[in-house]
Protein chains: 2
Amino acid sequence: MAIFSKTCEYAMRAVFYVAQRSHEGYKVGIKEIAEQINSPEPFLAKILQRLSKEGLIQSVKGPNGGFYFDAASLNRPLADIVTAVDGNAIFTGCGLGLTYCSEANPCPLHEEFKKVRNQITYMLNNTTIGKFNLGLIKGKFSLNK
Amino acid sequence: MAIFSKTCEYAMRAVFYVAQRSHEGYKVGIKEIAEQINSPEPFLAKILQRLSKEGLIQSVKGPNGGFYFDAASLNRPLADIVTAVDGNAIFTGCGLGLTYCSEANPCPLHEEFKKVRNQITYMLNNTTIGKFNLGLIKGKFSLNK
DNA sequence: TCTATAAAAGACAAAAATATCTTTTATTAA
DNA sequence: TTAATAAAAGATATTTTTGTCTTTTATAGA
């Protein structure tokens with residue numbers, strides 16, 4: 001088990017890739033995205049459809065169409081993508097899967113697990129979709145395999 | 001999606017419960033464990049079977065039998081349970097699910113995600129199976145719902 | 001030794017996540 | 001206004017995770 005679902009991993013990789021291409025002035029087709037981030041094309045298509053319906057990514061049909069981000073979207077936190085795809089369990093859930101776990105009714109791992117959640121929350125709120133555009137263009141980061 | 005699989009959540013809850021009862025001098029049957037940690041009994045049975053086969057938990061069949069921990073096992077880190085059940089992806093995996101992600105070939109989240117992994121690793125290595133026995137006996141912690 | 005108990009083992013079932021395929025709709029450009 | 005392109009939508013398939021049921025094996029105690 002990884003921290004994020006496959007769906008979420010693909011979503012994050014795709015989002016970073018599309019952001020980079022948007023920054024360079026392009027729209028990107030699903031085929032190119034799937035190839036570049038090494039994900040199954042039809043499955044990724046479904047994921048981006050969902051993000052599109054929620055207004056988290058922009059898309060246009062037809063020739064020269066594809067996916068892209070407008071300036072406002074590039075400034076959204078990655079947390080918005082994760083929430084849309086995996087829900088908010090990762091930000092608020094109990095490490096032992098207990099529904100009523102809380103400060104008042106803690107599970108044994110509560111205190112330490114809070115630190116994990118906070119670190120994840122910080123990471124995802126502090127990372128905008130467009131944050132790595134320059135690094136990606138310079139080839140500093142990998143999104144493939 | 002939660003951080004750990006259901007399987008792993010049940011395993012951790014069960015382990016803490018059995019540890020507490022062991023500390024009190026009892027062996028525990030699968031039925032009691034399942035009730036007390038609110039998990040599906042036959043599913044939990046399979047999980048404990050696996051842990052038992054790996055020597056992480058002790059068990060005896062027959063009347064007055066059940067699951068328990070010997071002193072050495074009580075001192076094992078919770079990480080051993082998680083590894084047995086969920087593998088080591090949570091300790092070493094890439095946040096974006098990339099196989100070749102590393103210091104030399106990092107994904108965009110690599111640096112921040114490392115902190116998350118380190119926090120999880122610390123939590124699970126620093127927590128022994130028997131760590132919460134007294135707290136559980138005193139009713140300080142919850143394992144149910 | 002016989003019976004009751006409780007875990008181990010194996011087969012099976014349901015649900016959720018992951019993945020694919022086909023048809024429809026929107027858009028562009030000739 | 002037609003043809004080509006590319007996303008959206010819907011139906012279907014596969015795999016993995018989660019959950020159940022039945023039979024077998026080990027142990028204790030009468």
Side-chain angles (χ1 to χ4, degrees), chain A residues 1-15 18 21-22 26-35 37-69 82 84-87 89-90 96-97, chain B residues 1-15 17-18 21-22 26-35 37-69 82 84-87 89-90 97:
Chain A
M1 267 266 303
I3 294 252
F4 301 107
S5 66
K6 279 271 163 211
T7 309
C8 192
E9 290 174 354
Y10 295 151
M12 292 189 288
R13 304 217 296 264
V15 151
V18 174
R21 298 290 282 157
S22 291
Y26 300 107
K27 298 195 196 77
V28 211
I30 187 68
K31 189 171 176 180
E32 177 183 334
I33 306 172
E35 269 164 13
I37 70 162
N38 192 42
S39 76
E41 187 188 318
F43 187 56
L44 182 63
K46 285 294 176 196
I47 299 169
L48 294 189
Q49 248 175 60
R50 244 163 85 192
L51 296 181
S52 171
K53 217 184 307 188
E54 301 206 28
L56 291 170
I57 195 171
Q58 283 69 54
S59 73
V60 295
K61 294 180 180 181
N64 306 317
F67 294 92
Y68 67 100
F69 287 107
V82 172
V85 163
D86 271 0
I90 203 161
L96 300 187
Chain B
M1 268 265 303
I3 293 253
F4 301 107
S5 68
K6 279 272 163 212
T7 309
C8 191
E9 290 174 353
Y10 295 149
M12 292 189 288
R13 304 217 296 264
V15 150
Y17 181 74
V18 174
R21 298 290 282 156
S22 292
Y26 301 106
K27 298 195 197 77
V28 212
I30 187 68
K31 189 172 176 179
E32 177 183 335
I33 307 172
E35 268 164 15
I37 71 161
N38 192 43
S39 76
E41 186 188 318
F43 187 55
L44 181 64
K46 285 295 176 195
I47 299 169
L48 294 190
Q49 249 175 60
R50 246 163 83 192
L51 295 181
S52 171
K53 216 184 307 188
E54 301 205 28
L56 292 170
I57 195 171
Q58 284 68 55
S59 73
V60 295
K61 295 180 179 181
N64 307 317
F67 294 93
Y68 67 99
F69 286 107
V82 172
V85 164
D86 272 359
I90 204 161

Could you tell me the separation between the [atom1] atom of [X] and the [atom2] atom of [N], rounded to a whole number of Å?
X	N	atom1	atom2	result
B/Ile33	C/dA7	CD1	C1'	11 Å
A/Ile47	D/dA8	CD1	P	13 Å
A/Arg50	C/dA19	CZ	P	14 Å
A/Lys27	D/dA6	NZ	P	11 Å
B/Ile37	D/dG19	CD1	P	11 Å
A/Ile30	C/dT25	CD1	C1'	17 Å
A/Asp86	C/dA16	CG	P	15 Å
A/Glu9	C/dA19	CD	P	10 Å

Test of understanding: with side chain to side chain contact (heavy atoms under 4.5 Å, CB included), list the residues that count as partners of [X], not counting sequence neighbours.
X	answer
A/Glu35	A/Lys31
B/Ala84	B/Leu51, B/Glu54, B/Leu56
A/Lys53	none

Least distance between heavy atoms, A/Val85 atom then A/Arg50 atom
O-NH2, 3.2 Å
Shortest non-hydrogen contact between B/Ile47 and B/Ala11, atoms and distance:
CG2-CB, 3.8 Å
Give a yes/no answer on whether the side chain of [X] brings an N or O atom under 4.0 Å of OP1 or OP2 in [N].
X	N	result
A/Ser52	D/dA7	no
A/Tyr10	C/dT18	no
A/Ser5	C/dA17	no
B/Ser59	C/dA8	yes

Given side chains that start at C-beta, do those of [X] and [Y] come closer than 4.5 Å, heavy atoms only?
X	Y	answer
B/Phe67	B/Arg21	no
B/Glu41	B/Ile30	yes
A/Val15	A/Phe69	yes
B/Lys27	B/Asn64	no

Within the structure shown, what part of the strands sits under 4.0 Å from A/Leu48 by heavy-atom distance: base, sugar-phosphate, or nothing?
nothing
Checking all strands, does B/Val85 fall into the base, sugar-phosphate, or nothing category for heavy-atom contacts under 4.0 angstrom?
nothing
Got a sec, which residues hit salt bridge (Lys or Arg N to Asp or Glu O under 4.0 Å) with A/Lys46, two or more places apart in sequence or on another chain?
none
Using five pairs at either end of the helix from C/dT1-D/dA30 to C/dA30-D/dT1, determine the angle between the two local helix axes and round it to 10 degrees.
10°
Classify every nucleotide of nucleotides 20-30 of chain D by which part a protein heavy atom approaches to under 4.0 Å, writing B for the base, S for the sugar-phosphate alone and - for neither, in 5'-to-3' order.
B----BBBBS-
Selected nucleotide, minimal atom distance to A/Lys6 side chain, candidates D/dT18, C/dA7, C/dT18:
C/dT18
Looking only at C/dA7, D/dA9, D/dT18, the nucleotide nearest the A/Gln49 side chain is D/dA9
